[in-house]
Trainee: 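Pasting in a structure now, in structure tokens, and then I'll have a few things to ask.
What you see is a predicted model; the values in this text were computed from it and never measured. In what follows, residues are counted from 1 in the order of the sequence shown.
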Amino acid sequence: MCENCNDFQLLLYRVERDHEAAIAASESDDRSDSDLQPILKKSDVMTSLAFLNLWHQKQCMCVFRDVKNLERFSLVVQCITKIALIKLKEVPEYLKLLFDEKVKKEKVMKEEKETKKNEESSEPPKPPDPKDDEDIWSLDDTERLLTYMSRVFMLQFPLYLAAKQAGSRLDDLSQAEATSLAVFLDVSGDVADIPLVLLRNVARFCRSGGLLAMTNAFKQSPNFLPPSTAHGLVSILCNLKLWLNPRAIAQLFGPVRIAALQYMCGLSDQELRHQPTRAMADFLWSSIKDNLESPLSLDKDGLELAFKYFGSPTLTMRLCGINQVNAHISLFNEMCNTESVVEVESIGLQLAQWILDSKLIEHIFGPNLHVEVIKQSHVILNFLAMEGKITNSHMDSIWQSAQLKHCSKQVHDLLPPLIKNLEAGPVLHLYELVQKLPVKEHTEQTIYLAQVLQKFIWTSGGTFSHLLHEANSGDRAEDNSDNEMKGSSKKRKKKCVGDSSDDDDLSDDVLAELADLDDDNDDIDEFSDVDDDDDDE
């Protein structure tokens, strides 16, 4: 047997002896099996974690030659799960104490620097007693424990592989235990090859309040809960979700997801750029599709995190944010084909209102616009157009960005497909904007846009007739008012000048005489034409 497996086997033997001693000492007590499990030391947990890390590299199965080691290993996993649950429930208080100690330590160090600037260094401090730190769990130790627990819920865990080889199947499950497991797990369907010990560990973690403890941990501020610890929690959540039934996902997984999204919204831009944090966000975003049992509602927390990414100065993060908003719209379109019309319409209105409240259109086509972001905005624009939420101010923002040389082509590519989904008001407003464009600034794209607008207005004449009538009546009223103003100005000029000018009277008489001469000449021409005809005859 290799050295690593030998150390782990000694741990298995010692834990079994402690467990048997606890059972023998409590024959008269009515304590549960969980209370009889021995509490492992930190060194024992680290020994088990070291065995797990090396096992993934070497795949050594020599420790499982003894079949009884499977039961011993299962007991060790149960003991570690018990410690992990205790540490998870202590996370909020522990993080606050850790933060207070950090503040006090910084304050003390600052005072020591001020008081001992000119003093010589005294005797070096004594190193801490290693016995005192043996049972003290640091934050790094807790994160290692979370990493171990995330692997416990994976099918590739060595205990489950060994149990599968030994023939542990769900066929050995009693009816009472199957009913107990069905509260949290989906034991129906093609799950016969899943080791029974895996399902037991998942149910034990859920029944003992593990997910509730994770929810309380995520409710801490990012100042208290570091992203590395949050990543360990999400790793457990990711592997645990694979075995939960829809009811457990809605009741237990849903609150943890919401708390995790709210926690990530409080992270800084630099922390959101890290790849582990991005992986956490992708998992939380994608998990909304699996929450089938919960009532239909808008995923506002997921949208807020997407907007957090979209507001980043980094292009990659901005594209990630707008793609997630597009994913929410695509999910809404899928719901339109499966769910009831009333509920879907309510969600669509809420989603459109969220986009308007976030001023997403103004951000996309505002001062910080980018060509790649504009290319991905067609889904949002078409959704708002279908919901009837595109306003004239939105069209002004889009048209202003279309006048910029570096993104004019991309913006003009968005407009023709968008027109067919717009209402009458924004279409006519865009048509007016195109008409106001100077002739010298027209391009092939603007001419094509004008053709599309005219064709759409002509084909939709019945729909736009009342608006066109109002627009024409308004134009006529404006023309009449302009003519009245011009006429009044002319009258004012005549009153100011008066009829005293003889030159004006003379010019009027001359013009009248010239007009009479023109009439006489026309008559003469007619008579001359008649005489010519008589001569011909």
Side-chain angles (χ1 to χ4, degrees), residues 88 146-147 149-155 183-186 189 191 194 198-199 202-203 205-206 209-219 222 225 227 229-267 271-272 274-310 317 320-335 338-339 343-344 347 350-351 354:
L88 277 175
L146 296 177
T147 303
M149 287 306 303
S150 66
R151 297 179 182 178
V152 167
F153 303 124
M154 295 178 65
L155 194 59
V183 176
F184 305 102
L185 310 176
D186 188 5
V191 292
I194 299 177
L198 168 60
L199 300 180
V202 174
F205 185 84
C206 297
L211 289 171
L212 179 60
M214 294 172 65
T215 303
N216 296 329
F218 275 120
K219 289 181 179 179
L225 182 64
T229 307
H231 182 259
L233 295 174
V234 173
S235 299
I236 295 177
L237 195 64
C238 179
N239 297 332
L240 196 66
K241 187 181 75 68
L242 298 174
W243 315 110
L244 299 179
N245 57 27
R247 180 183 176 186
I249 289 178
Q251 297 180 355
L252 299 178
F253 175 80
V256 185
R257 177 183 178 273
I258 293 174
L261 288 170
Q262 293 175 352
Y263 164 81
M264 294 190 65
C265 288
L267 295 176
E271 292 170 338
L272 290 175
H274 296 162
Q275 185 58 34
T277 309
R278 173 68 181 278
M280 289 167 52
D282 291 337
F283 165 70
L284 295 173
W285 279 324
S286 61
S287 60
I288 187 62
K289 298 180 180 180
D290 301 328
N291 199 357
L292 303 176
E293 293 293 327
S294 62
L296 293 178
S297 60
L298 181 65
D299 184 22
K300 290 186 177 180
D301 299 298
L303 288 171
E304 291 295 334
L305 181 59
F307 187 74
K308 177 85 174 180
Y309 270 85
F310 179 74
M317 296 183 63
C320 175
I322 195 170
N323 287 333
Q324 286 304 319
V325 178
N326 294 339
H328 279 77
I329 296 175
S330 301
L331 181 61
F332 166 75
N333 294 332
E334 294 177 4
M335 292 166 57
T338 57
E339 304 295 338
E343 295 179 348
V344 171
I347 295 176
Q350 294 178 20
L351 179 56
W354 179 87

Trainee: Would you name the heavy atoms of Leu88 and Gly210 that are closest together and state the gap between them?
Mentor: CD1-O, 4.3 Å
Trainee: Residues in ring-ring contact (aromatic ring centres under 6.0 Å, His included) with Trp285, at least two apart?
Mentor: Tyr309
Trainee: Could you pull out all residues at least two apart from Lys300 that satisfy side-chain contact (heavy atoms from CB on, under 4.5 Å)?
Mentor: Leu298
Trainee: In Å and rounded to the nearest 0.5 Å, what is the CG to SG distance from Asp282 to Cys320?
Mentor: 6.0 Å
Trainee: On a heavy-atom basis, which atom in Pro255 and which in Leu252 lie closest, and how many Å separate them?
Mentor: CD-O, 3.5 Å
Trainee: For residues Leu185 and Trp243, report the shortest heavy-atom separation together with the two atoms involved.
Mentor: CD2-O, 3.2 Å
Trainee: For Asp301, which residues count as a side chain to side chain donor-acceptor pair (under 3.5 Å) partner, sequence neighbours excluded?
Mentor: Gln262
Trainee: Mark yes or no for whether Lys308, through its side chain, and Leu272, through its backbone, hold a donor-acceptor pair below 3.5 Å.
Mentor: no
Trainee: Measure the CD-CG distance between Gln350 and Leu303 for me, rounded to the nearest 0.5 Å.
Mentor: 10.5 Å
Trainee: Using side-chain heavy atoms (C-beta onward) and a distance below 4.5 Å, is Ile249 in contact with Asn245?
Mentor: no
Trainee: Report the residues that fulfil ring-ring contact (aromatic ring centres under 6.0 Å, His included) with Phe307, sequence neighbours left out, ordered by chain and then residue number.
Mentor: His363
Trainee: Under a 4.5 Å cut-off applied to non-hydrogen side-chain atoms, are Phe205 and Met149 in contact?
Mentor: yes
Trainee: Look up atom CZ in Phe253 and atom SG in Cys206, then write down how far apart they are to the nearest 0.5 Å.
Mentor: 11.5 Å
Trainee: Quick check: closest heavy atoms across Ala260 and Leu284, and the distance to 0.1 Å?
Mentor: CB-CD1, 3.7 Å
Trainee: Just how far is it from atom CG of Leu240 to atom CG of Leu233, taken to the nearest 0.5 Å?
Mentor: 12.0 Å
Trainee: Please enumerate all residues that pass side chain to side chain donor-acceptor pair (under 3.5 Å) together with Lys241, with sequence neighbours excluded.
Mentor: Asp290
Trainee: Going by the rule side chain to side chain donor-acceptor pair (under 3.5 Å), which residues pair with Thr229 if we only count those two or more places apart in sequence or in a different chain?
Mentor: Glu143
Trainee: Give every residue pair that meets the side-chain hydrogen bond (donor to acceptor under 3.5 Å, both in side chains) criterion with at least one member in residues 230-239, sequence neighbours excluded.
Mentor: none
Trainee: Checking the side chain of Tyr263 only, and the main-chain atoms of Ala217 only, is there a donor and an acceptor separated by less than 3.5 Å?
Mentor: no
Trainee: Got a sec, which residues hit side chain to side chain donor-acceptor pair (under 3.5 Å) with Trp354, two or more places apart in sequence or on another chain?
Mentor: Glu304
Trainee: Indicate yes or no: at least one non-hydrogen side-chain atom of Ile258 is less than 4.5 angstrom from one of Thr215.
Mentor: no
Trainee: Can you name the ring-ring contact (aromatic ring centres under 6.0 Å, His included) partners of Phe184, sequence neighbours left out?
Mentor: none
Trainee: Could you measure the distance from the NE2 atom of His328 to the CG atom of Asn323? Nearest 0.5 Å is fine.
Mentor: 12.5 Å
Trainee: Applying salt bridge (Lys or Arg N to Asp or Glu O under 4.0 Å), which residue pairs with at least one partner in residues 321-332 are found, sequence neighbours left out?
Mentor: none
Trainee: Which residues pass the side-chain contact (heavy atoms from CB on, under 4.5 Å) test with Val234, not counting sequence neighbours?
Mentor: Phe218, Met280, Phe283
Trainee: Kindly determine whether Ile329 and Asn333 satisfy side chain to side chain contact (heavy atoms under 4.5 Å, CB included), including the steps that lead there.
Mentor: CA-CA 6 Å; Ile329 296 175; Asn333 294 332; 4.0 Å; yes
Trainee: Please step through side chain to side chain contact (heavy atoms under 4.5 Å, CB included) for the pair Asp299 and Arg257, ending with a clear verdict.
Mentor: CA-CA 11 Å; Asp299 184 22; Arg257 177 183 178 273; 2.7 Å; yes
Trainee: What pair of heavy atoms forms the shortest contact from Phe153 to Val202, and how long is it?
Mentor: CD2-CG2, 3.6 Å
Trainee: Who pairs with Leu331 by side-chain contact (heavy atoms from CB on, under 4.5 Å), at least two apart in sequence or on another chain?
Mentor: Ile288, Lys289, Glu334, Met335
